[in-house]
Amino acid sequence: MSPAARSLLLSAARRQRRCFSTEAPSSTPQQQLLPKGKRWDAVVIGGGHNGLAAAAYLARAGRSVAVLERRGVLGGAAVSEELELERHGLKLLPRSPSSFTPCLDGRYLLLGPDAELNHSEISKFSENDACAYPRYEEKLEKFCKLMDFVIDLPPPEMRHEYHLSMVDRMKDKVDKSVFWSKLLGIVMQQGQKDMVDFFDLLLSPASKILNNWFEGDVLKATLATDAVIGSMAGVHTPGSGYVLLHHVMGETGGQRGVWAYVEGGMGSVSSAISKAALEAGFPNICSSHFWEGTGVLADGTEVLTSVVLSNATPYRTFVDLVPANVLPDNFLSAIKTADYSSATTKINVAVDRLPQFSCCKDFNPEGGPEHMGTIHIGSESMEEIDLAYREAANGVSSTRPVIEMTIPSVLDKTISPPGQHVINLFVQYTPYKLSEGSWQDSNVRKSFAERCFSLIDEYAPGFSSSVVGYDMLTPPDLEREFGLTGGNIFHGAMGLDSLFLMRPAKGWSDYRTPVKGLYLCGSGAHPGGGVMGAPGRNAASVVLEDLRTK
């Protein structure tokens, strides 16, 4: 490989590093200095996808908005049809098949949106499972329709503003009554049996749900990875069954549960959202200033506004940015004691050739079905996943990590030189604090990366020798570089005790906070993490409602 090609490939891998969290590089040309002395209708702290979505919806409503991003790069991974992002340059590349699980015994499992392919592939392991799988998907989709209503609206929280007029208080009560009556109607449509199944899904471990549906280890393990990805939880953790649902709630091109790459990387999302806001008539949507938590930027510019939306984590917002003496003690305690634990490490790898899996007899150097979607490494049984989790729970990075590999350059030819590829490894489990050693030790980091590469070698011999270079982000790295408390990519755990009316804290689920004029708009607010943009959009709707009632 020529030095120029190597340099370009490593640069692409480093760009993928930024696409991991809610921040990614953007080619948007509108990043600029804020005009001094201007009073903004709203200021958004954090240029992740939820922050940009909130800004775009506010701008569409005719409000002046400034987005302040500490790192000077904007981005995210959420799409909203209402913003018509495709018209603003967003191009999605659907992955089909969407999942590939190689096995050491020479078998493999492909899954995707093609029902015939799914039946054929699953029947290699179990005919019963092949027949059950469409019913499983149908059941989850039915539950998703129920969740859509809850996700698309702010939670019906009790209002804390006692200065509201009697008319506004009555309207608030009516709105809550309408919410609960509509939700009850949807529940009644489901029927008692389905609702019992729904609550079983919410409360049960993923292992129980999957064992009730299927008998094949490989299928169960493949599906179980969705229940634990990004969390410090195992397949036997109560409530992990809900996350099975959370990961099929989204849509691509109108198809539920279909995953896609974004052409050009996640920075293309930020660019499209920014263009949507600019079209709404607001020319100053972005700023690459640093927010110091005082209303004054690093260059001394004072930002004037009566409304601030924070896309930072709840901990960073209320512990690091807001003075403690203005917050109620019980609220601050709830924020500090919330679960921000993470076991996720991201490794972005530049390679000079595609991995060739031993279980696939036909190999296409340009990319075959096995390269299109998520490749599950070390996930042949739920017992393997559970063992990896239990090691991390004791402060030890997993001996055989659970790896989700994606190769976006197979479909997106814009991010790597011809014949070369960028590979993303989403790895679990890596505790934030190791029982022995430290993630700051270069030898510890190198050892773990090589452990991951060696595991991939077992399924795709020669992978390690194809690595040109790599970039690794452990939980402490994610916290330091992206402001993700504890390295948690969801801004906080997604357990049932941290969702809906209890996210981020009981009594404050509607994006409003104890500080008048301060709102949460990130994944730490309802409905949580994921590539939906719902927290940003919902928060913007609450802000607009409050501005109208002033």
Side-chain angles (χ1 to χ4, degrees), residues 20-23 43-51 54 67-71 76 155 157 160 230-233 290-295 308-346 430-433 439 473-530 534-536 538-539:
F20 174 60
S21 77
T22 55
E23 301 174 27
V43 170
V44 178
I45 301 174
H49 67 272
N50 280 309
V67 178
L68 308 181
E69 171 51 54
R70 177 178 61 89
R71 297 180 64 247
E157 187 60 80
H160 296 269
S231 65
M232 185 59 167
F290 284 70
W291 176 260
E292 298 294 341
T294 61
V308 174
L309 296 89
S310 176
N311 189 37
T313 70
Y315 188 96
R316 177 143 176 73
T317 300
F318 299 111
V319 178
D320 296 338
L321 299 181
V322 176
N325 59 0
V326 304
L327 295 169
D329 290 341
N330 60 345
F331 175 83
L332 189 57
S333 176
I335 296 299
K336 287 182 175 180
T337 58
D339 183 4
Y340 300 101
S341 59
S342 171
T344 298
T345 285
K346 178 74 180 296
T430 51
Y432 180 93
K433 185 176 182 180
W439 288 119
L473 291 164
T474 64
D477 297 328
L478 296 171
E479 181 177 69
R480 182 182 63 257
E481 295 198 24
F482 299 109
L484 296 172
T485 304
N488 190 296
I489 63 172
F490 300 132
H491 289 201
M494 296 286 289
L496 292 179
D497 61 339
S498 305
L499 296 173
F500 193 43
L501 290 168
M502 292 174 286
R503 191 173 189 89
K506 186 168 59 176
W508 298 96
S509 65
D510 63 353
Y511 312 99
R512 300 178 178 94
T513 76
V515 180
K516 183 176 173 55
L518 175 61
Y519 302 78
L520 273 186
C521 68
S523 295
H526 171 78
N538 291 351

### Message
As an exercise, state the distance from OH of Tyr315 to CG of Leu332, rounded to the nearest 0.5 Å.
### Response
9.0 Å
### Query
Closest approach of Asn50 and Ala534, non-hydrogen atoms and distance?
OD1-N, 4.0 Å
### Summary
Here the gap from Ile45 atom CD1 to Tyr519 atom OH, rounded to the nearest 0.5 Å, amounts to 13.5 Å
### Query
Quick one: which of Thr430, Ile489, Leu484 gives a side chain to side chain contact (heavy atoms under 4.5 Å, CB included) with Pro475?
Thr430
### Task
Compute whether any side-chain donor of one residue and acceptor of the other, for Glu479 and Tyr432, lie under 3.5 angstrom apart.
yes
### Message
Less than 4.5 Å apart, side chain to side chain, heavy atoms only: is that true for Leu501 and Lys506?
### Response
no
### Heavy-atom check, side chain of Ser310 versus side chain of Phe318, under 4.5 Å
no
### Leu478 side, atom CG; Asn488 side, atom CG - distance, nearest 0.5 Å
9.5 Å
### Query
Just checking, any donor-acceptor pair under 3.5 angstrom between side chains of Thr474 and Asp477?
yes
### Task
Without swapping roles, check the side chain of Ser333 against the backbone of Asp329 for a donor-acceptor pair under 3.5 Å.
no
### Task
Give the C-alpha distance, both sets of side-chain angles, the deciding distance and a yes or no for side-chain contact (heavy atoms from CB on, under 4.5 Å) between Arg316 and His491.
CA-CA 10 Å; Arg316 177 143 176 73; His491 289 201; over 6 Å; no
### Query
By side chain to side chain donor-acceptor pair (under 3.5 Å), which residues pair with Ser498, not counting sequence neighbours?
none
### Query
Side chains of Glu157 and Trp508: closer than 4.5 Å at any heavy-atom pair?
no
### side chain to side chain donor-acceptor pair (under 3.5 Å) involving Asp339 - partner list, sequence neighbours excluded
Ser341
## Note on the structure
OG1 of Thr313 to CG of Leu321, rounded to nearest 0.5 Å, is 8.5 Å
### Query
Can you name the residues that form a ring pair (Phe, Tyr, Trp, His ring centres under 6.0 Å) with Tyr511, not counting sequence neighbours?
none
### Summary
Between Ser231 and Ala343 the two heavy atoms that sit nearest each other are O-CB, 4.1 Å
#### Entry: Expected output: side-chain Arg503 to main-chain Ser523 donor-acceptor under 3.5 Å
yes
### Query
Which heavy-atom pair separates Pro535 from Gly522 by the least distance, and what is that distance?
CB-O, 3.2 Å
### Query
Looking only at heavy atoms, what is the nearest atom pair of Gly486 and Ser342, with distance?
O-CB, 3.2 Å
### Query
What distance do Leu518 atom CG and Thr513 atom OG1 have between them, rounded to the nearest 0.5 Å?
3.5 Å
### Task
Can you see which heavy atom on Leu496 is nearest to which on Met502, and at what distance?
O-CE, 3.4 Å
### Query
Do you know the tightest heavy-atom contact between Val44 and Cys521?
CG1-SG, 4.4 Å
### Summary
The reported gap from OG1 in Thr485 to CD1 in Ile335 (rounded to nearest 0.5 angstrom) is 10.0 Å
